[in-house]
Protein chains: 2
Amino acid sequence: MTNKATTIADVAARAGVSVPTVSRVLTGAARVSQGKRERVENAIQELNFRPSAAARVLASRKSQVIAIIAGDTSRYGYAETIRGVEVAARAEGYTVMITVVESTDEEELDRAISATLTQAIAGVVVLKFDPPGVAVLHRLPEDVPAVALSGIREVGVPQAVLDETRAAEELTSFLLDLGHVTVHHVRVPPSRREDGRTTGWRRALRKADAPIPTVHDATWEPRSGLEVGRELALDPSVTAVFCGNDEIAMGVMRGLVESGLRIPDDVSVVGFDNHPLAEMWSPPLTTVEQDFAGMGRRGFHLLLDVMNGSDGKHYSSERPRLIVRSSADKPNPLRQTSGGTDRRPLSEGA
Amino acid sequence: MTNKATTIADVAARAGVSVPTVSRVLTGAARVSQGKRERVENAIQELNFRPSAAARVLASRKSQVIAIIAGDTSRYGYAETIRGVEVAARAEGYTVMITVVESTDEEELDRAISATLTQAIAGVVVLKFDPPGVAVLHRLPEDVPAVALSGIREVGVPQAVLDETRAAEELTSFLLDLGHVTVHHVRVPPSRREDGRTTGWRRALRKADAPIPTVHDATWEPRSGLEVGRELALDPSVTAVFCGNDEIAMGVMRGLVESGLRIPDDVSVVGFDNHPLAEMWSPPLTTVEQDFAGMGRRGFHLLLDVMNGSDGKHYSSERPRLIVRSSADKPNPLRQTSGGTDRRPLSEGA
DNA sequence: CTGAAAGCGCTAACAG
DNA sequence: CTGTTAGCGCTTTCAG
């Protein structure tokens, strides 16, 4: 069902050598004389032989597959990270297996971990982007090679991170420097009490001695941003908004625009991630570029180190890059007064 | 490395039963007396035992993992489809493995197929969205259970499709009915000579006896749509544009808007897919909803049938749904004259 | 219902 | 360099 019925023994017979010899040419573990090697290779070709990974794993106790455990596979940051891991893994001859964990139920966590560890896995990459990811990481047996990928550092676990905190701080300061009295924040569901994006935002406000507004919560759906945008439109003190990601920012902008506000004339909005559509948006979105795929690649290489038992720091951090486009500008001096009274026209960006 | 050192034998010893008995409770393949079953279950708990999938596969020749072979994992339609397959697979106790094939090089194809079939796989789902997907499907050995997922039907292969052709035809007719003389088309990279989206567009034009403009090609990058949009802006005969997907439509719209055109006042633009951001766009995008995740789910269930050897049609089709928003409207009677003086048209009738 | 015996397809020591 | 001999951890007959 899974392979032809051909086995290494058939190959050996056909090539006129012993079984271990075939194994040796397959694995390259030991030298084989030119002649036999060729006969074996021919036999493999002719029989269209494919070794059974299962048998191999069983005998050698080594696997060439890694698992990615994630709370989602399809949203932008997740999908890009997974792609990065996959590309790096493929380049090193590893195959990837995916396990999704959607909640933090004990049952669900155990199911995910069992499903993963039951397979012969060389190591696991966990996307610590959300509560399920965090929970999985903490329940993983100590002895399985693992690395975490996330936006915030955590002690004691090998990991590749994208330093959101500093990036968020920089982005918020950018808005403050433009002259805004403060910056409002719409966050996406955090992975723990507070994510780096929120922390960085708060830190920048503190440093600037700016008032710290209440945080608005959005879900992962762009539409939830729309609702928050409508709410924000009602508050004339809102002149700058930092959204947890670009998709939410787009929803927020739509809510604002539908309420008759212009961007960036009346309100400045910035996102986070540099989603591929951010530059197509009207107006093009000021944001922070996050190299998710790069983090995925770095994560896989870290995992490779961990699997090889090489000790070292097992930590890799990178600083997202501010991308200034046109959705943020100086505050509108008229907004404060006029903002309270008028709200109806339906304008649409540039 | 991969599992605890605990084996089924340890469990048997601890429970005071034979090895096969443990196996029986594990697989549920045969009845075991209440008492022994409980002792075995306790032992499993206490030892935190996890069976080795590799050994299991070797002995039983049955696997609980399926492979998804795809040309990409991260773009919208791909990611959603993969998510659908994964969800359905997980619900039935299957784990998924992913193999990416980026080109149609023989080497690359063989690498992908070997990487996949070497693993103990119960079946494979191939995303036939692009040339690598098509190529893989045709090189897959006959005896491995496989289903294809795509937008266009193909004989002889079990598959789940989203009927793009009819949807594209409907969408194009919608534009024609609005009063447009013809509809221009920007296509995304096709999986073969022509995709259903293009065929449906052409068919609608033929039926309406409308001129058939030259097709414009875009890549998968939204930015390439931007360039096409700029070109289209130079041709005053362009009043309606049907783009191969929403992301390209967004790029095209941006190119048009940057060239001073208004949407839908000067040009109507429609996309395809109903990307989550399509409704956030300004103006909200008229498009066609494609249930990629649903196709993924249907595909997995088809695969399940194929794996069980149940014969039947092994084919599942669904019709995407037209979503009318506001990026398309009646043609602007002024556009033709005012535009005519500017520049020469770029497109030619067919 | 249950245990004994025999492999699944491969790699890992050994001798030579 | 190469063949022989043992398993890897599980499921599968097959007796009872």
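All values derive from a computational prediction rather than experimental measurement. The chains referred to below are lettered A, B, ... by the order of the sequence lines, with proteins before strands, and numbering in each begins at 1.
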Quick one: does B:R298's side chain have a donor or acceptor within less than 3.5 Å of a partner on B:S316's backbone?
yes

In degrees rounded to 10°, what angle is found between the helical axes fit to the five outermost pairs at each end of the helix from C:dC1-D:dG16 to C:dG16-D:dC1?
30°

Evaluate the criterion side chain to side chain donor-acceptor pair (under 3.5 Å) for residue pair A:Q45 and A:E41; output intermediate values, then yes/no.
CA-CA 6 Å; A:Q45 281 292 321; A:E41 281 165 350; over 6 Å; no

Between B:V17 and A:A54, which has a closest nucleotide on DNA chain C that is more 5'?
B:V17

Using a cut-off of strictly less than 4.0 Å between a heavy atom of the residue and any atom of DNA chain C, enumerate the qualifying residues of residues 20-38 of chain B by number.
B:P20, B:T21, B:R24, B:R31, B:V32, B:S33, B:K36

For the pair made of CD in B:Q119 and C1' in C:dG9, what is the distance, rounded to whole Å?
14 Å

B:T116 meets the side chain to side chain donor-acceptor pair (under 3.5 Å) criterion, sequence neighbours left out, with B:T99

How long is the line joining CG of B:D10 and P of D:dC8, in whole Å?
11 Å

So B:T6 and B:N48, side chain to side chain contact (heavy atoms under 4.5 Å, CB included) or not? Walk me through it.
CA-CA 8 Å; B:T6 39; B:N48 195 277; over 6 Å; no

If I take atom CD1 in residue B:I8 and atom C1' in nucleotide D:dC8, what distance separates them, rounded to the nearest angstrom?
13 Å

Step by step, would you call A:E318 with A:M295 a side chain to side chain contact (heavy atoms under 4.5 Å, CB included)?
CA-CA 8 Å; A:E318 197 174 84; A:M295 173 169 69; over 6 Å; no

Results of side chain to side chain donor-acceptor pair (under 3.5 Å) for A:R37 - residues two or more places apart only:
none

Could you list all N or O pairs between the protein and nucleotides 6-8 of chain C that sit under 3.5 Å apart?
unit_1, atom_1, unit_2, atom_2, d
C:dC8, O3', B:R61, NH2, 3.2
C:dC8, O2, B:L58, O, 3.4
C:dC8, O2, B:A59, N, 3.2

Show the numbers, then the answer: is there a side chain to side chain contact (heavy atoms under 4.5 Å, CB included) between B:L26 and B:F49?
CA-CA 11 Å; B:L26 243 26; B:F49 168 75; 3.8 Å; yes

Distance-only donor-acceptor hits, side chain of residues 124-140 of chain A, under 3.5 Å, sequence neighbours excluded:
unit_1, atom_1, unit_2, atom_2, d
A:K128, NZ, A:E154, OE1, 2.8
A:D130, OD1, A:G133, N, 2.9
A:D130, OD2, A:Y78, OH, 2.4
A:H138, NE2, A:E154, OE2, 3.2
A:R139, NH2, A:D110, OD1, 3.2

Tell me whether B:R39 contacts the main-chain N or O of B:A12 through its side chain, where contact means a donor paired with an acceptor under 3.5 Å.
no

Is B:E86 salt-bridged to B:R83, cutoff N-O under 4.0 Å?
no

